[in-house]
4 protein chains.
Amino acid sequence: MAITGRNDGTAGPIRLGMVGGGKDAFIGAVHRIAARLDGKFELVAGALSSTPERALESGRALGLAEDRIYSDFTEMAKREARIRNGIEAVAIVTPNHVHYAAAREFLKRGIHVICDKPLTSNLADARKLVKAAENSDALFILTHNYTGYPLMRQAREMVAAGDLGEIRLVQVEYVQDWLTEHVENKQAEWRTDPARSGAGGATGDIGTHAFNLARFVSGLKVESLAADLQSFVPGRQVDDNGHVLLRYENGARGMLWCSQVAPGNENGLRLRIYGSKGGLEWGQENPNELWFTPFGEPKRLITRGGAGASEAGNRLTRVPPGHPEGYLEGFANVYSEAAAAIEAARAGQPAPAGTLYPTVQDGLEGVQFVDACVRSSSRNAAWVKFG
Amino acid sequence: MAITGRNDGTAGPIRLGMVGGGKDAFIGAVHRIAARLDGKFELVAGALSSTPERALESGRALGLAEDRIYSDFTEMAKREARIRNGIEAVAIVTPNHVHYAAAREFLKRGIHVICDKPLTSNLADARKLVKAAENSDALFILTHNYTGYPLMRQAREMVAAGDLGEIRLVQVEYVQDWLTEHVENKQAEWRTDPARSGAGGATGDIGTHAFNLARFVSGLKVESLAADLQSFVPGRQVDDNGHVLLRYENGARGMLWCSQVAPGNENGLRLRIYGSKGGLEWGQENPNELWFTPFGEPKRLITRGGAGASEAGNRLTRVPPGHPEGYLEGFANVYSEAAAAIEAARAGQPAPAGTLYPTVQDGLEGVQFVDACVRSSSRNAAWVKFG
Amino acid sequence: MAITGRNDGTAGPIRLGMVGGGKDAFIGAVHRIAARLDGKFELVAGALSSTPERALESGRALGLAEDRIYSDFTEMAKREARIRNGIEAVAIVTPNHVHYAAAREFLKRGIHVICDKPLTSNLADARKLVKAAENSDALFILTHNYTGYPLMRQAREMVAAGDLGEIRLVQVEYVQDWLTEHVENKQAEWRTDPARSGAGGATGDIGTHAFNLARFVSGLKVESLAADLQSFVPGRQVDDNGHVLLRYENGARGMLWCSQVAPGNENGLRLRIYGSKGGLEWGQENPNELWFTPFGEPKRLITRGGAGASEAGNRLTRVPPGHPEGYLEGFANVYSEAAAAIEAARAGQPAPAGTLYPTVQDGLEGVQFVDACVRSSSRNAAWVKFG
Amino acid sequence: MAITGRNDGTAGPIRLGMVGGGKDAFIGAVHRIAARLDGKFELVAGALSSTPERALESGRALGLAEDRIYSDFTEMAKREARIRNGIEAVAIVTPNHVHYAAAREFLKRGIHVICDKPLTSNLADARKLVKAAENSDALFILTHNYTGYPLMRQAREMVAAGDLGEIRLVQVEYVQDWLTEHVENKQAEWRTDPARSGAGGATGDIGTHAFNLARFVSGLKVESLAADLQSFVPGRQVDDNGHVLLRYENGARGMLWCSQVAPGNENGLRLRIYGSKGGLEWGQENPNELWFTPFGEPKRLITRGGAGASEAGNRLTRVPPGHPEGYLEGFANVYSEAAAAIEAARAGQPAPAGTLYPTVQDGLEGVQFVDACVRSSSRNAAWVKFG
């Protein structure tokens, strides 16, 4: 089916709505900055909360017109699809269990969906959402934002070009410490509630990012995995730490560690990939540096936009090397890729060559990862076929 | 004189104009992203180039209304001051020699000025601009953007609180490599032309940043300096490297190194301050980390927004620790501080407590720094009284 | 049985012999420097090779008296035990499969044994060697040299003192790249020959170090493990990469990665341990720094001998902080601990309080680790009880 | 004059004496370990203290024969020159003011001198010592130990080979914090006493190291300098901080900072050199890494003994890359170079090609550096011709 989305011939910034992301939400604010950074989107409508007063208050704080403030995403989808200059795209930034139901409403009305990860809180929903996206003429973009970092684009390109030789090893970890003790706040509450986050805790919240990034850069498919998950903090209903062994289809092997209970680690997403000819090492907390280690040669430090940086990453940078870009810029790159695809869709065109963003299929793989980890762990870390 | 600016009772985003920043300009694009990041400004007018076709083309590319696209900043100042919903603030992002003339036109019409550094290309202009700002009821904000980094706010606060004891030493450097060889491009061209950049090359372009940041964090005033400036690349008319000794009023001493010819350095602004009780170390290329070294205790790594981070910096952060913020976020913080002051001015109020941005006086000090360096160097690095 | 060793009432440096370590050997030279560094040992005899000419040539190069140069370690043990001023201790630095037979000969004659790791090339030998050591009145020291680093001593002490709270997580890795391709040299040859190195390749050569260091610092016992071992380089008969999941008796979990095929990694032994109250991070390649991360506080960098360094490590340092000590100093610390114990044994005394070195029991655990990894991996990474 | 030294036809380790270095001395112990590390020297005599009881106690603790323990270095020189198997070389490790008088006695008797830095406590002594060395048939080695680091050898070779192009900039600093407050101990006492240390405090103690290392690596001669010295701690009689501008004969410029009052810095000797084609960056606290930054290419990390390491450094390494070598190994390299030269001298031969160690001439330059700094600073940091 051709991707066109709702096409009313308008130009100018892409009209964006948002589901979730009211007061005190974390990721909603991030999405809004990301959407704003490059001036490609304009937020014009929102169902920022399912509580009407809260939705209203949040919408006003963002300067939305009163009649574009909703507390019910279905109503929003219906009306926005109908009105002149209704939204062309929606950002879904709710807790995980709402993703599917919300996305469905917009997809079926041809409104492009930009959805936070993980795709859904369970595998059944994920499969239904894949179908919904396939049956829609709208785009579906999943904000695995770390794929937006320029040097991760370059890393992917280098692997694909064979700079590392045949890939043998993938070491990826995503390590935090904010759940080291029992925490009571909005963020902790839903992320540790299996009804809202899904069966995975750390595996779902950050393990999916690690899994996705390794997949994105290596290009490799996992064939099977064995996972040993733990809940270290008494009373916690989901895993707060996970150790995972990976076997890839090409014979490569990997380890994935995700944790929210490792004191001193703030947002330590680190990826190391090694092949028969060389390696790559990168850490999210200083994303402007990528180590390239060709076997038998000195290690080289490639900097974003600097000497040794390639077009695959440079097309997503805004400022010269040495002027650090960070998390928001990487996130905004997903939005800028989405914008390129949506603008092309306005004209019934495919996205420009090189446009790249995580898809609903990537989202499905993420949910499959969580599901496989939970199943493996419940069977004493037995190997589980992936996918 | 009360700061009020043009006050027509409007609400909503601050209406912003821009002088300079047309196609191929570097810093204009940065200002636009910075203005956009937090949603506080809306760009509605511009004299983006003094060449009419270029101004038009650039303005259209930014989506400006045709009648708000100018090629003459004086005309723009006059008309925008007159029309309903004219601009409330202007960003001046031209080469240095235009700053004074442009700023003057807006200041005298009550339009707030956000001006790139250095303040002017010569000391006479700088003094006149100070007067112009003093005589205006508009605000003047200088984008010494590195003062916008949250950890530089915290560093300033720690010094002021006495955490380092009496300050003895300031070591600051700003090191680049992009002018290691003769370069021909728009950026290099005007920055190495004394008629447009002023008498200082590296000293003016980046030395002023280093000088300002040391001043901002230490709170100390330089009493005298001795400078040894060089132009290493044949044919270059301004310094591309400067070595400066500093003596502060309180007896502290310092060294400042600025260079654009040190291969391997991209944008290496580094500040180290030591007192009788402890030290601080920070580097711009990884701005989310601040070392605090109390004498006789283990070194502590303070992270933006993390454990040990204080309110002075946290008020300017958007995302949790470990999610790196960079150059654009720091730059945007100057704009967000400006917005806070401008919004208060709309109501005839002073800026909220804690609002802090570089002023025209800081700009004057920067130009005095360049002037003193050039004079000292021409006298074989003799000591020159500062100010 | 009281530890006394051969005691002929002599004073002065400890008279040392060496088995293995002839020309072109790597670790023999390291042992000799380590023995010499603090002036506590004097090398006076050697069976440096089983090839007589090679033994002679190597012994002469080291300045040994001709009648103290042997090519048969049994002959050496017999004669040295008999002669006046014969050796008091022997360093065994042969390939692994010789360790047991050699150590036995010296132990039964009361000559202290300083033996390279892993203890033996198979579990049966390891058990016999434990017996032999238990039945001897001589000391047995295993050179798991990384336990000699001062900051590893401090880390162990901090964990034992509860500074990290209850230990939850152990992440340890030992990563190299020198076997990325097929290599032909003396070192590679025997280390990849199961008949000489044992059933483990990377697991035996470096995995045992990682395992031992985690054990040493954490104080925790592994209850079971699951290992996925690989031989990536065609034709290689032992593993060159191993991924291991660990479960500790106290409920803690861990991951261990050892590899000799990860380009860009020279000798990357890294240990991270996290508990309910804080964490520790350390890397062998810059061993003078230890990160301590108490939960909710800024990270602290403890330097060897510097502020925050404790007596447990300081007793093993020679130069002030900032004067880096490295691999040889760490190795020499095992020898200095051995010397302290041997000197005490001369007087029939126990080693001074605080003296600490890896024992034959640690060596047995290392061989058990390799054995468990190989068994688990052959059963598709099934969990295997440890010990 | 041919360098032969006392040559009595003996072989075996070089017989070494020591002047200074008794109990509680710091650098004497370092010299002894350095001499011992590679097994080339044997300490057989000492005038470890001028206090007889202390000399005796210290000599016994080191296992010296009673009749080789002296308390008067002249007596030691006389007797050792006379007796069979007397010392061939002497290490002078006293406070600075004793260097000249002691060295003279040994030099004139053909005993090689290995002397700690700075050469002397004043310029007159330095000049006399140069003469004494020139008139002797013995060798004179100055332990500017940082030139012994393998990667500093490689750096020197790379500069000489033109890998950096024409050198433009030298940035060197040596920063400590141990004198941040008033300290009372043996080390602090004599190092801050101008009668014993000389007119320079930090400049003499560590500034000379920084100056020498920059000279060693760059190969450049300073033409003039301007120095601003301070004594921050009340009552201190010598400088504890120095800021120095350098002008080199080839037109290159430099900055040198030495300090003993910068909290958080333990032994921060850092060297950065930039030329028209590239740069080098190195820090002593992690001496196994050298950054090479060819202009326009990614930064390369050269590791000691690793990929990209060259023969100039590799000949001075003992263990493979990733096994860190540190301060003692670097110091020992000066001794091993001295040993190579002394062994050659035994045979009346010149030192083997490539043998390299700091000479009495380097020592003179160091004292000239201190003298020039003090003179410049007393004249308000005026430029002073060097040499």
Side-chain angles (χ1 to χ4, degrees), chain A residues 11-13 26-27 29-30 32-43 61-63 145-146 149 174-178 187 206 263-270 283-289 301 303-307 309 317-332, chain B residues 11-13 26-27 29-30 32-43 61-63 145-146 149 174-178 187 206 263-270 283-289 301 303-307 309 317-332:
Chain A
F26 155 56
I27 205 66
V30 168
R32 288 192 293 267
I33 296 175
R36 200 156 55 213
L37 196 80
D38 294 311
K40 301 285 191 182
F41 292 87
E42 187 179 11
L43 184 70
L62 293 173
N145 56 291
Y146 300 111
Y149 277 120
Y174 197 147
V175 193
Q176 302 180 326
D177 69 1
W178 68 295
Q187 291 305 318
I206 56 177
N265 291 276
E266 293 178 335
N267 203 42
L269 172 58
R270 284 180 282 267
Q284 188 273 152
E285 297 194 354
N286 193 358
N288 297 285
E289 295 184 351
L301 189 63
T303 50
R304 181 195 49 78
T317 69
R318 297 161 190 82
V319 281
H323 300 71
E325 291 191 354
Y327 175 83
L328 292 169
E329 288 85 346
F331 214 110
Chain B
F26 155 56
I27 205 67
V30 168
R32 289 191 293 267
I33 296 176
R36 200 155 56 213
L37 196 79
D38 294 312
K40 300 286 190 181
F41 292 87
E42 186 179 13
L43 183 71
L62 293 173
N145 55 292
Y146 300 111
Y149 277 120
Y174 198 147
V175 194
Q176 301 179 328
D177 69 2
W178 68 295
Q187 291 305 317
I206 55 177
N265 291 277
E266 293 179 335
N267 202 42
L269 173 59
R270 283 180 281 267
Q284 188 272 152
E285 297 194 354
N286 192 357
N288 297 285
E289 296 183 350
L301 189 64
T303 50
R304 181 195 50 76
T317 69
R318 295 161 190 83
V319 280
H323 299 70
E325 290 192 355
Y327 174 83
L328 292 169
E329 288 85 345
F331 213 111

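In what follows, chains are A, B, ... by sequence order, proteins preceding strands, each numbered from 1. The structure displayed is predicted, hence computed values, not measured ones.
- Under the 3.5 Å distance criterion, the side-chain polar atoms of B:Glu266 are left unmatched by any main-chain donor or acceptor of A:Pro320.
- Remark: the backbone N or O of A:Pro321 is not paired with any side-chain donor or acceptor of B:Glu285 at under 3.5 angstrom.
- Residue with the most contacts toward chain A among B:Asn267, B:Thr303, B:Asn286: B:Asn267 (heavy-atom pairs, distance under 4.5 Å).
- With rounding to the nearest 0.5 angstrom, the CD atom of A:Glu329 is 5.0 Å from the CG atom of B:Leu328.
- Taking the side chain to side chain contact (heavy atoms under 4.5 Å, CB included) definition, one finds that A:Pro287 meets it with A:Tyr149, A:Trp282, B:Pro324, sequence neighbours left out.
- Between chain A and the options B:Leu301, B:Asn265, B:Val30, B:Asp38, the largest number of non-hydrogen pairs under 4.5 Å is found for B:Asp38.
- Neither the backbone nor the side chain of B:Phe331 comes within less than 4.5 Å of any heavy atom in chain A.
- In terms of non-hydrogen atom pairs under 4.5 Å with chain B, the most contact-rich of A:Gly306, A:Ala29, A:Gly63, A:Gly39 is A:Gly39.
- Applying the side chain to side chain contact (heavy atoms under 4.5 Å, CB included) criterion to A:Pro13, with sequence neighbours excluded, gives A:Glu42.
- For A:Arg36, the parts lying under 4.5 angstrom from a heavy atom of chain B are both the backbone and the side chain.
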